[in-house]
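Notes for the one structure printed next.
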Amino acid sequence: MLKRLQQKWNVNGKQFFLILCVFAITGTATAWLTRVITGWMGFTTGTFWLWQWLVRLGMLVIGYQVILLTVAFLFGQFAFFWEFEKRMLRWMGIGSRGSAISNELSAIGNEQRAMSDGRSAVSSQLSAAGSEASNLKSQISNLHPVHLAVFASGTGSNAQKIIDYFRDHPTIKSTLIVSNKPEAGVLEIARREKIASLIINRENFFRGDGYAGELKALDIHWIILAGFLWKVPESLIQAFPGKIINIHPALLPKYGGKGMYGHFVHEAVIAAGEKESGITIHYVDEQFDHGQHIFQATCPIAPGDSPELLAKKVQALEHTHYPPVIEKLVTNR
Ligand code: GAR
């Protein structure tokens with residue numbers, strides 16, 4: 001469950017550990033402070049229940065948030081938790097008043113249990129975060145579908161598989177094809193499939209906002225790289241945090257990096273005498289083929305296999321796995 005949460009938040013192991021520490025310390029500190037305040041106010045077990053609840057509600061709604069951001073700041077995790085707070089507030093605003101109050105009350109229940117044990121405070125915060133995310137997700141997908149932009153520089157066989165897979169999907173749409181090459185085969189696919197396309201140029205991509213403005217205007221939620229050969233600029237990564245993924249035709253971290261694409265990868269794998277190769281689907285960060293792995297699948301290499309034959313085996317893996325992995329990822333977030 002922790003592994004899933006780490007993937008959902010798209011953070012590395014160290015940041016995940018720091019985030020758990022922030023939750024743990026905040027839970028314990030809030031519980032301690034609530035005890036101090038109720039003690040200072042002279043509360044006893046005989047105190048009218050409504051007063052006790054009001055103080056705890058106040059601590060949860062205001063005190064907890066303030067402590068969370070303070071501890072997050074001390075641990076260098078302010079940006080993550082600020083996003084978290086904003087989503088939580090938005091979520092509270094989306095729900096009806098009644099359900100918001102009932103959720104508050106159940107959160108108070110969690111808080112009271114957490115007070116009895118510092119460790120249970122961590123797990124209840126984690127499950128609260130998980131259910132908050134899944135509530136928000138189902139509300140959003142009910143409102144409108146998730147739009148994908150597929151970035152490709154070449155033939156676009158993966159793009160075609162993605163389009164086919166999501167053609168009649170109830171909540172996920174292949175909305176836009178983006179290419180840096182006006183002559184790329186993938187643009188012909190876009191024309192045939194009547195999908196909007198965007199040809200990007202180097203200047204705007206690397207010096208402007210990476211076309212983030214155009215993509216946001218088209219309501220794009222996820223960017224799917226499928227044989228896209230330019231490095232993704234930081235501006236675009238920041239505009240779509242945790243929402244850009246790539247497929248690479250080898251088992252990363254081997255055979256990745258600048259210049260490692262298409263047949264160059266397969267030639268290198270064969271030249272190294274590897275016994276197997278495969279595919280890696282991963283989040284995109286500022287380095288080529290470097291972000292956190294999401295999925296890998298392997299295929300054997302027989303003695304005498306040529307790079308061309310290996311390319312076919314790897315392509316078959318890509319076509320089989322990329323669309324369902326995208327679906328799983330997009331549906332779970
Ligand atoms: C795919 O094999 C993909 O893994 C690779 O380009 C090919 C595109 O094929 N991507 C890279 O090498 C990225 N480093 P397609 O145009 O037929 O989908």
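For reference, positions follow the sequence shown, starting with 1. Counting starts at 1 for both ligands and their atoms, in listed order.
Screening residues 257-280 for ring pair (Phe, Tyr, Trp, His ring centres under 6.0 Å), with sequence neighbours left out, gives Tyr261-Phe264.
The shortest N/O to N/O separation between Gly156 and ligand 1 falls below 3.5 Å. Checked by distance only, ligand 1 and Asn246 stay at 3.5 Å or farther apart across all their nitrogen or oxygen atoms.
Heavy atoms of Val265 come nearer than 4.0 angstrom to ligand 1 in no pair at all. Remark: distances from the non-hydrogen atoms of Gly262 to ligand 1 include one below 4.0 Å. Heavy atoms of Lys161 come nearer than 4.0 angstrom to ligand 1 in no pair at all.
Contacts between Glu318 and ligand 1, counted as non-hydrogen atom pairs separated by less than 4.0 Å, involve the side chain only. Only side-chain heavy atoms of Asp289 come within less than 4.0 Å of ligand 1; its backbone N, CA, C and O stay farther off.
At the shortest separation from atom 8 (C) of ligand 1 among protein heavy atoms lies Gly227 CA, 3.6 Å. Distance from atom 9 (O) of ligand 1 to its nearest protein heavy atom, with residue and atom name: Asn158 ND2, 3.9 Å. The closest protein non-hydrogen atom to atom 11 (C) of ligand 1 is Pro249 CD, 3.6 Å.
With ring centers used as reference points, Phe23 lies under 6.0 Å from Phe81.
The aromatic rings of Phe228 and Phe151 sit perpendicular, their planes meeting at an angle over 60°, well past the 30° parallel limit. Classification of the Phe206-Trp230 ring pair by plane angle, with boundaries at 30° and 60°, yields tilted.
When the side chains of ILVMFWY residues are joined at heavy-atom separations under 4.5 Å, either directly or via intervening members, Leu225 and Ile237 end up in a single hydrophobic cluster.
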#### Entry: Pair Ser153-Asn180, side-chain hydrogen bond (donor to acceptor under 3.5 Å, both in side chains): steps then yes or no
CA-CA 6 Å; Ser153 305; Asn180 58 319; 2.8 Å; yes
### Query
So His321 and Ile279, side chain to side chain contact (heavy atoms under 4.5 Å, CB included) or not? Walk me through it.
CA-CA 9 Å; His321 293 291; Ile279 61 168; 4.0 Å; yes
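Atoms of ligand 1 lying under 4.0 Å from any heavy atom of Met260, numbered from 1 in the order shown and given with element: 14 (N).
Under a 4.5 Å side-chain heavy-atom criterion applied to ILVMFWY residues, the cluster that includes Leu252 comprises that residue alone.
Of the candidates His319, Gln315, His248, the one placing a heavy atom closest to atom 14 (N) of ligand 1 is His248. Of the options Gly256, Ser157, Ala226, the smallest heavy-atom separation from atom 15 (P) of ligand 1 is shown by Ser157.
At a cut-off of 3.5 Å, with distance as the only test, a side-chain donor of Glu327 or His169 sits close to an acceptor on the other residue.
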